[in-house]
Amino acid sequence: MNLKIRMNAATGGLLAALVSCICALPALAQNSEYAIKDAKIVTVTGAVIARGTVHIKDGKIVAVGERVNVPGTAKVIDGRGLSVYPGMIDSGTRLGLTEVGSVQETQDITELGDFNSNAKAVLAVNMHSELIPVARANGVTSVITSPRGRLVSGQAAMINLDGWTWQEMAVKPTVAMAMEYPRASGGGRGGGFGGFGGQAAGNQREQARRQVEALEKKLEEARNYANAKEARAKDPSLPARPADLVLEALIPVVRGEIPVLMTANTEAEIKGAIEIADKNKLKLIITGADEAVKVASLLKEKNIPVIIGPVTEVPRREDDPYDRNFAQAAELHKAGVRFAFQTSDAAYVRNLPYQAGTAAAFGLPKDEALKAVTIYPAQIFGVDKMIGSIEAGKAANLIVTDGDPLEFRTNIKHMFINGRPVDLSSRHTKLYDKFNTRP
Amino acid sequence: MRTIRFTLCLAILAAFTAVAYAQQSGELLIKNATIMTASHGTIENGSILIRNGKIVSVGKNVTAGPNAQVIDATGMYVTPGFIDAHSHTASEDPSVNEGTVSVSAMVRMRDVVNDRDPNIYRQLAGGTTTIHLMHGSANSIGGQNVVLKLKWGSTAEEMILQDAPRTIKFALGENPKRQGNQANPFGGTGRPLRYPATRMGVAETIREAFTEGREYMHEWDAYESAKKRGENPLQPRRDLKLDAIADILRGKLLVHSHCYVAPEILMLMSVADEFGWKVHTFQHVLEGYKVAKEMAAHGAAGSTFSDWWAYKMEAFDAIPGNAAIMARNGVVTSINSDSADLARRLYQEAAKTIKYGNVPEEEALRFVTLNAAKQLGIDRRTGSIDEGKDADLVIFNAHPFSIYARVEKTFVEGELLFDREKDIQRRDAIAREKKALIEAERRTAGQQQPSQQMETPPPTLTEEELDGHRHPERRKN
Amino acid sequence: MQFDPFRDRDEHSSIIPSVCPAKSKTVQESILLMFSKRILTLVGVFVLCTGLFAAWSAHQTGVRASNGEAVAIRGGTVVTVSGATIQKGTVVIRGGLITAVGADVPIPADARVIDATGMTVYPGLFDAYTNLGLPAAAPAQGGGRGGGAPAIQVAVPLTLPGQAGGAATPAPTPAGRSPELLATDQLRIAADTFDTVRSAGITTVLTSPRDGMFQGQSALINLGGAEVEKLILKSPVSLNVAIRRGGFGGYPSSLMGVVAFLRQSFLDAQYYRDAWARYETNKRGMERPPVDKSLAALQPYLKREMPVVFQANEPGEIRRALAFGEEFNLQTWIAGATQSAEVVDLLKHKNAVVLLSLNYPQRPANLDNPEDEALRTIKARAEAPKAAAALHKAGVRFAFQSGYLAQPRDFLTNAARAIEAGLPKEEAIKALTLYPAQIFGVAEQLGSLEAGKIANIVVTSADIFDRRTQVKYVFVDGKQYEVKAPAPAMAGPGGPGGRGGRPGGPGGGAASIAAAVGVWTLQINSPQGQMTVTMNIQPGAGGLGGDITSQFGTTRLGDVRLNGNELIFNYTVNAGGNELPIAAQGTIQGDSIRGTMTVLGQQVEFTGARAPRGNEE
C-alpha cells in the first residue's frame, strides 16, 4: 500500500510499484539504475532543460541532458509533466538529535561544559527518528545537524535523510565546528553550567568578554598542541604529551581545514566572531545572523557566508520593519553576501522550502531562493562536489515534483537519495490513512 | 526641539493619512480584483463597495458614487480578513496564565488588553483582522477570553468586539496537570503539588467546578424566584468564579477547550453532557482526526494547527491532515496560530491543508476566515465577503495560497490599517525621529546629572518565550 | 495527617474565600459563615480611626502651645501663592502658625528676625505621594490568627501535600492584600528621617505603604519632629491600589488575576455592606454577620467618602484604573501618570485627580545601543515632562509627587522641566503647594502664605525653579529646621528601591540599596543536588529590580525589597512550560547572602556571593 499516493489522491501516484510497500524504511542498498525521462530538469547550476532525462546509476547521476542514452536495464520513470530538482539542503537543524521536544530524555543537543569540540552530532543521530521521514516530505534530502548551546557545542554533520546506519547517512560526518559567540546583550541562553546565563547588560558584557577570552585561549592551546604534535611526529625523541581529546578535535579547526559554524546574531556579535576568526585564522560561517545586513560589506569583503532563518521569526525589536526577516535574504543578496537557509529545527525541516519561498515573496529572485536551499549550502559546507545540483558525477539526491518545489501546493512524486528511491510515507501519512478511513 | 516636533508630526501624519482616506470619503470601491469570498466562491474581475465600514455590495457589476475612493486591484486577490481563533497577542500580562489555581474562571483577558502590542500591526500586515485573545492553559478551567478587532491605533476598549459572545478557556492534558506531577525546580519527581496530576483529575476538577457552579446557580435561581414572590431575600454573595461556571450552564459563556489527545476530547464531551452544556470549540485538538465523528455528533468545532507536532508527548500523534479529516467529518474547522509569527501568515497555514489533506480551496480559506468566525460566534459580522458584513478585507499581490503572495493592504471595518507602500515610505521617518530623539536626549544628559534611575524596560519577548504552555521550542539558535 | 488532594485544589478568587470549603458540611449552608470565625476584631476600625483623629488634633494644639517664639522673615520676595507676590515682604510666625503676611506688617518686638533680603519665601512644598517614614515591609500579619488568614490574604501559597493539614508556610509578604493597613500605624520616624527631604523644601507629604495590590491607606503628615502623633495632618486620606502583577506568592499571580481579585473584593465589600445593613434593621432572629476588617475598611471608599488612588503611568494602565473605578463608582485618583498626556481628556471627563510623578523615566544605564530601544519608549521619556502642561491645559486637577525619586533635590529640578515643557510657572508652584492642599482637603491650614495657616515655610536663595537655587530656611509647624546639604547619592524618600529603608533609619536610599545591588551567584541546596543560579539586582524606579538566570532560563524578579540587610524577592520560573512561583528571603552580609527559597510550599536553603563589581559605564 502506498500511503503517500492515497494522501494525494488528486495527483495520484505513478510509481506505486517502485516506491513499494516498505513504508518509511531506509531504501534497500541495491545497485540500481534509473532514468527519469521527459521531465523538466532544473539543474540549478546549469540551464534549465525543458524536456530531458536524468540517468542514475550506482548512487550517482551518470548523465543529464536533453538526449541521454539509457540502457534498457534502467528502471524508467515517466517524467512527463513533472520536474526534477536537486534534493534540498537545510543548513541548520537538530534532526536526529531530538524526538519529542518536551521529553528531556530524547534530547541529544547540548552537552555539558564550555568546550565540546570532541562531541560529534553524527554519533548521536537516530537514523530511525520518526522526524526524518516527515522532514523529507517536501523535498529536503540532506541537512546539517548540529549540537547547540555551548561556547563550543560540538561537531556538526551533513547527513542525507536516508540510511540504515549513520555511516550510510553521512555526507560528511564532521562538516563544521559549532560554536556560539557569547551574547553580550539580550536574553540569556538558558545554560546554567557554562555560565552563559542572561544577566543585565554590564555584567553580561563582562561575562561575554571572559568567554571570548576563554575561547581564544583554548584555540591557542589547540595551536600549540598541534604544533607540538607535529614536531613530535618529525622528531620522535621529543617527550610525549598526554592526549587531549578536546584539543585534538580543534586541530583541523585552527588549521582552517574545517569551518567554524558560529552562532552570532547582533552586529556586535557578528563583528566579534569575525575578529576571532581573523585573529585565529579560522574559516568562518555565521549562523543565526540576525543583523547580518548591518555587517554586509564586511561579510562580503571577507567572503564569509551566513546561514539565516527561520525567516518567519517575528522581528526582534519593536521598531524593526514588519518584514525585516522576510526581506533579509533579498538584502544580503543585493549586498553580495553568500547565504543559505535553515529551519533551525527538527520537526519543521519540511518547511524549508517555505523559508526560501517567503524570502522570494519579499524580493529575493526565485532562482536565488532555490539556490539557497540547494547549491549554496553545498558550497558553503564544502560538499558541492557531491550534492546540491543535478550534474553528472554528483550523488543522485533528487526530487521529482509536479511543480515549483517552493510552492505549497506542489507535491513530491519521487525522491532519490544516493540514487535510491525513498519512501515518502511517514508517521503522518500512516496516521492520516488509518483515521481518514475510520468507520 | 522644533525639528523634532516637526518630524514627529510628519510621522504621525503619514500614519494617519492612510487611515483617514478610506473613512472620510464615505465610499470605497475595490475594483477589478479576484475576490475570494469564502462563502460563495471566487469572483473574477469583481468589485467590492464599502460604506461606513460595511460591505455594501460585491460582485461583477458594482457601481459606486462619483465621490467614492477607488482602488484598482487589477491582478490582485481580495480575501476576507483572517481570523485567528487562538491568539495571545495584545495581552498586557505576558504569562497569559493565572496559574496558581486549578480553576481561574474569574479572570478576564478583556481586563488586560494591551492596545500597543506591536504584534497587532505585524499581524495586520499579514492580513489578520480579528483575534481571539485567550487565557493560557495552566488551568483545567482557565480564564475568560476576548475577541479583538485589530484596530491598530485605537484603544483596547475600542478593539474589543463588544457584541461577540463571551468565551472561556478550558485546558486538558499535560499543561493543567503539569503542576501536579512534574518535578519542581528543586527536584523531586512525580510529587503531587497542585491537583490535578492526571487526566482523571482534570476531569474531576471540571466536574467539581460544575457541581459547585450548579449549586450556586440554583442559589441565585431561588433568590430570583423569592424576589418574584414578593419576598425580600438577601441577595446571594456574588462569586466571580462561580458566576462564570453558572454562565456556561446557562449557555451564556462558550467553552473553548485546549486539548490534544483523543481520550480527553471524549472526556470533556461526556462531562459536558453530564452537566447539560456543550463544548463549543476544541482548541489545538491535534488528535481531533481520531474522534472527528464524535466531535461532529456533539456539535463541537475544532481549531487546530496546520503542521505542528512533536514538541511534546501529547503532540506526537499530531498530523497535518487533522484539519482535513475533521472538516470531512462535518466538524467546523479552523486553523489558528497560537503564535505571534503564525498569526502573520494564516493564509499560508491554510494553504498547507490543501497539500496535506486535499482540502478544496474555498474550504481551506474558510479555515482561517468564516469557520473561525463561526467558532467565535461572529460570523454574522465578519469572516466572508458578503453584503452587510464588516469590511474586513485583505488585498494580495498574488493568489494567497502561493508562497510568493504578499499582503498589500488590510482593511478593518473599512479602515485601511495596513498599506505596504505607506509602511515602506514611513520607515525613514521613524528612523529619523528616533535618531533625533536620541540625540536630544544625549544633549540633555550632558546638561544635567540626573540621579534618579529607571527600571530597565522589560525585554521584548516573543510569545514563544513567554508562554511555555503553548508551544514547542522554536527559538532561533 | 493524610494528604487530601481536594484540599489544595482551588484557591479562590474571593476576598473571603476558602473559609468555606465546598466540601465542608458544617458551614455549607450558611452564607454568613463565609465570613468565618477569623474576624471579630474590627467592627470598629472606624471607631479607632475616629479616635485617632481626635487624638492628633489634641496633640497638635499642644505643639503650638509649647512654642511661643515669634519669627519674622523680612525683606524677601514673598510668594503667597493664594494672593499676589509681595516684593520685600514680611512673614511673621508664632505658635506654629503664620500670624501675618505683607509688605508692611509690624514685626513683633520679641520676634527673632531673619533677613531674607534677596531671597524668596514660599509655602512649604507638598510631595503628594511617597512612602516616607514607612518601613520596607508591612508588619507581619497572619501569625497568631489561628486558622484564619487575614480577610484579603486569600490564597494560601501552594503547600506541599505533607503540610496541607498543618500550618501553611506564611506568605512572605502579607502586605499588599490589606486595605485596612494604615500608614499611621506604620510610621517609624527617627530624628533624621526627614532631613534630606525637608532640606529640599518639602514640608508635607502624603505617605503610603507601597506593597502589592491593596497597599493600605495613606496619611498626610507634616515633616516635623520625631513624634508620630504630632506629624499627622489627616488620616486616612486615600486607599491606595496598584493593578500590577505578581509577587504575592499565590493567587493572584497574573495581571488579570489582580483585576479579578480587586473586583471580587469590592463585590464582597458591597455584600458585606448589605448583609450588615440587613442585620442592623432587624437583629432579632437573625444570625449576626461576621466582622471583616478588610471589607469594613473598604466601606468609606464604596461610599465615595474618600478617594481610591490607583498607581498608573501608561495610558492603558490609566484607562484600566478609571474603568475599574467606574465599575464600583469610586472616587478615582491616579498616582504616577507620567504618560498621561494622551489621556488628559479622559481624566478630565472622569473628573479624576492626578498625583503626578516627577520621577521622569531615565535612559537605562547599561544600554549597548540606544537604537535598540523602541521609539515609543524613547518618546515616552521625551514626553514625560509635558504631562503637567497637558493636564493643566485640559483642566485636570493635579499635584506633584516625587514618585520615589532617589534625590529629593531632583523634585524641583524636574518640576522646572515641566515648566520648560509648557506648564505656566504659577501653576507649577501651585501644584506643589495650594493644589495638593486643596486636593487633600487641608487648604484651610496649608498651601499658601496666609495669616492663620500652619507655618510651613521654605525660604530659597533665588527663584525656586532656578537650578542654582538653594534652600536657606525651612519651617514646619512654625519650627525652624536645619537645612542639611544634600548628601550626594545618599538617603532619599524611599530612593530607588529603598522603600523606606531600615525601620528607624534615614528613609533608606542609595546607601542601603547598595547592599543588594550587584550580580549574585546563588547556590541552592535542592533535594536533587546543588543548583547554581545567577541573580542580578539593579535599582529601578519602582524599587529594586533585576533578573535571575537558572537552567530554566532568565526571568525578571518580581517584588524585590530590601529591609535592612534582609533581601526579599520572588520570581517565577518556567520549568518545562510550567510556571512556578518562588519566594525567597535572605540576609546580606557584605558580599555574601544566605537564606531560604520557598517553591510550592517547599523550603530550600541557599547561599550566595556577589561578584566583584566591574567597571561598568
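Just so it is clear, the values below take in all heavy atoms, side chains as well, and ignore hydrogens, waters and symmetry mates.
Distance check: C:Glu317 CD to B:Asn114 CG gives 10.0 Å after rounding to the nearest 0.5 Å. Distance CZ/C:Arg319 to CG/B:Asp115: 5.5 Å, rounded to 0.5 Å. Within the model, atoms CZ of B:Arg442 and CZ of C:Arg363 stand 6.0 Å from one another, a figure rounded to the nearest 0.5 Å. Here B:Glu433 contributes atom CD and C:Leu375 contributes atom CG; the two are 4.5 Å apart, rounded to the nearest 0.5 Å.
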Worked verdict on B:Glu441 versus C:Arg381 for side chain to side chain contact (heavy atoms under 4.5 Å, CB included): CA-CA 9 Å; B:Glu441 205 168 46; C:Arg381 283 203 296 271; 2.5 Å; yes

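In this structure, B:Leu240 and C:Arg263 have side chains that are in contact, with non-hydrogen atoms separated by less than 4.5 Å. In this structure the side chain of C:Tyr251 reaches within 4.5 angstrom of the side chain of B:Glu98, judged on heavy atoms. Contact annotation: the side chain of C:Gln264 approaches that of B:Arg237 to within less than 4.5 Å [non-hydrogen atoms, C-beta and beyond]. For the pair B:Pro94 and C:Arg245, the minimum side-chain heavy-atom distance is below 4.5 Å. The shortest side-chain heavy-atom distance between B:Lys435 and C:Glu371 falls under the 4.5 Å cut-off. Using a 4.5 Å heavy-atom threshold, the side chains of C:Arg376 and B:Pro118 count as touching.
Judged by distance alone, the side chain of C:Arg320 and the main-chain N or O of B:Asp111 form a donor-acceptor pair under 3.5 Å. Listed for the B:Lys434 side chain is no donor-acceptor partner under 3.5 Å among the backbone atoms of C:Pro370.
Contact of B:Asn139 with chain C is not made at all, since no heavy-atom distance falls under 4.5 Å.
A salt bridge does not link C:Glu314 with B:Arg116: none of the charged nitrogens is closer than 4.0 Å to a carboxylate oxygen.
Taking all atoms of both residues into account, the shortest heavy-atom contact from B:Glu92 to C:Leu255 is CG-CD2, 3.4 Å. Closest approach of C:Ser253 and B:Gly99 over heavy atoms only: OG-N, 4.0 Å. Closest non-hydrogen pair, B:Arg238 versus C:Asp268, comes out as O-OD1, 4.1 Å. C:Ala382 approaches B:Leu437 most closely through the heavy-atom pair CB-CD2, 3.7 Å.
Of the listed residues (C:Gly316, C:Ala323, C:Pro315), the one with the most heavy-atom contacts under 4.5 Å to chain B is C:Pro315.
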